[in-house]
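Encoded as structure tokens, the structure appears first; notes follow it.
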Amino acid sequence: MDLLEKIVSLSKRRGFIFPSSDIYGGLGATYDYGPLGVELKRNVKERWWREMVYRHENIEGLDAAILMHPTVWKASGHVEAFHDPMIDDKASKRRYRADDLIERRIEKMEASGKEEQARALRTRFVAALHSDDMPKELHRIILDEEIRGPDSGAFDWTEVRQFNLMFETHAGAVVDDETKIYLRPETAQGIFVNFRLAQETARQQLPFGIAQIGKAFRNEIVARRFIFRMREFEQMEMQYFVCPGTQMEHFEAWRAKRMQWHIDNGIRPEHLRWHEHEKLAHYADAAFDVQYAFPMGWQEIEGIHSRTDFDLKRHQEFSGKKMEYFDPHRKEKYIPYVVETSAGLDRTILMLLCEAYEEERVEGEERIVMKFHPEVAPVKAAVFPLVKRDGMPETAQALAADLRGHFNAFYDDSGSIGKRYRRMDEAGTPFCITVDGETMETGAVTVRDRDSMIQERIPKNNAADYLKDRMQGWSRSAER
Ligand code: ATP
């Protein structure tokens, strides 16, 4: 089993993530977060919100609706151009993104030392992405390079075709073109259309940002790799409105801050890197992705884009409403430029699961342990009575109740202590506290550290403060 398969299996076994509608055999590319997964997700959202909205005086929050006026998607360019170039392998009947197949070939060349060939192919690839007939040019490359179907090994391709990724539905009872609306494919447009209202009501001056966490929907054609590519997913986006001409300094500042945020969540710096876009979207003047070393290779988790005034200008044009800002310092009106940070919440979760997963041998037995940063761990502390008598369960219950006033704590009295530790290791709980005979006499409990498995005795009345200190001082010790 590779790492991703192990994580899929652990996620279902322990209650992190389940296939959606599992009793009906699941629904492609949609997943549900179980009891542990939902805690992990809430912690990540909370950390993002705290970092973006609370730590920046000039960033406001927003929660826009998923359904928006259909003209929004005309103005944004999504109706016309939110496509992926897809190609079908006739042998396996599987569909792939044509640009992905070529990128993978280039990476393979680079990995095997064929640097000159890789460079030449990349040049041709970039030219194809910019050409007027992009599908045809990508198709030519796939044929010329004799790229084979990754699953079948066959060389039997269809043409490259463009597929629109937006989900359509209808508002109200009548189903016709007039009532057609879309499930939003990104949260950003909710921010752009509310720019004036948010700025005026919050009485903000530029530079200022609007942050939002919410669902987005894309009818992804190739939807595999667990929660990496879903049809329903969540984004954490922030649009930062700036004076034209200053966008690059803000862009660089946000790049640094966003990378640091992932590191602060416990991701090893060597598992993160920057990837510069080969082809800038028509609206962008700079774009970098944060990539993570997933088991299936380096992949994007967050994009930092400098989007110029494209979106606001288009909404001004399509709505007829002014999107200008009066700059009191420069004493002039202009449409602000935008730097955005756009992270996938589910991809961040998958990254945290991959980063945390470790297998160790302890006294001849295998131990699976999720070494999450304690701040994102679903449960912070578990409390066990050593045995189910002599007042130990009551004392342990009372301690768990006390800890729940500070953070998520869990009480468990079933099975041997060893088994209880193993369950908590798989859940990624950083501390297990045991109430034993000595606790009943002296009030001291043992605290067992998830990572080092070292046990310490501390006064039970001190437990909450002690654990908070330990969580704050956490750093990753073992190497993967
Ligand atoms: P990709 O190239 O992987 O399809 P993208 O460049 O289209 O992603 P953006 O439109 O920049 O992605 O969206 C911002 C973030 O939203 C991405 O970095 C990713 O984390 C997340 N995201 C996008 N599509 C999906 C999806 N189908 N499932 C899960 N997360 C997604």
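Note that this is a predicted model, so its numbers are computed, not measured. Quick note: numbers below take in every heavy atom, side chains included, and nothing from hydrogens, waters or symmetry partners. Atoms within each ligand, like the ligands themselves, are counted from 1 in listed order.
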What I want to know is whether Glu237 and ligand 1 share at least one N or O pair that is separated by under 3.5 angstrom. no
Would Lys380 and Phe407 count as a cation-pi pair here, with the cationic atom under 6.0 angstrom from the ring centre and within 45° of the axis? no
Is the contact between Ile301 and ligand 1 made by the side chain, the backbone, both, or neither, using heavy atoms and a 4.0 Å cut-off? backbone
For ligand 1, is Asp346 a contact, meaning one of its heavy atoms is under 4.0 Å away? no
Met351, portion touching ligand 1 at heavy-atom distance under 4.0 Å: neither
Under 4.0 Å from a heavy atom of His305: which atoms of ligand 1 are those, numbered in the order shown and with their elements? 11 (O)
Closest protein heavy atom (residue, atom, distance) for atom 21 (C) of ligand 1: Gly344 CA, 3.6 Å
Consider every N or O of Met230 and every N or O of ligand 1, then say whether any pair is closer than 3.5 Å. yes
Is it the case that Lys45 places NZ or CZ above or below the six-membered ring of Trp48, under 6.0 angstrom from the centre and within 45 degrees of the axis? no
Is the shortest distance from a Lys or Arg side-chain nitrogen in Arg140 or Glu137 to a carboxylate oxygen in the other one below 4.0 Å? yes
Atom 4 (O) of ligand 1 has as its nearest protein heavy atom Arg229 NH1, 2.7 Å
Give the minimum heavy-atom separation between Gln212 and Thr187, together with the two atoms involved. NE2-O, 3.2 Å
For Phe228, counting its heavy atoms only, list the atoms of ligand 1 lying under 4.0 Å from any of them. 28 (N), 29 (C), 30 (N)
I'd like to know whether ligand 1 has Glu186 as a neighbour, heavy-atom separation below 4.0 Å. no
Option of least heavy-atom distance to atom 18 (O) of ligand 1 (set: Glu232, Glu340, Glu300, Arg225): Glu300
Mind checking whether Phe233 has an N or O less than 3.5 Å away from an N or O of ligand 1? no
Is the Lys NZ or Arg CZ of Arg347 less than 6.0 Å from the centre of Phe228's six-membered ring, within 45° of the axis? yes
Pairwise side-chain hydrogen bond (donor to acceptor under 3.5 Å, both in side chains) hits with a residue in residues 153-167, at least two apart: none
Specify the protein heavy atom at minimum distance from atom 16 (O) of ligand 1: its residue, its atom name, and the distance to 0.1 Å. Gln235 NE2, 3.3 Å
Within the 4.0 Å heavy-atom shell around Glu220, which atoms of ligand 1 are there? 24 (N), 26 (C), 27 (N)
No-hydrogen, no-angle side-chain donor-acceptor test under 3.5 Å, Asp151 and Tyr96: yes
Which atom of Pro150 lies closest to which atom of Leu101, heavy atoms considered: CG-CD2, 3.7 Å
Closest to atom 7 (O) of ligand 1 by heavy-atom distance, out of His277, Arg218, Arg97, Arg347, is Arg218
Glu375-Asn43 side chain donor-acceptor pair, cut-off 3.5 Å: no
NZ/NE/NH1/NH2 to OD/OE distance under 4.0 Å, Arg42 and Glu46: no
For atom 14 (C) of ligand 1, closest protein heavy-atom neighbour: Ser342 OG, 3.0 Å
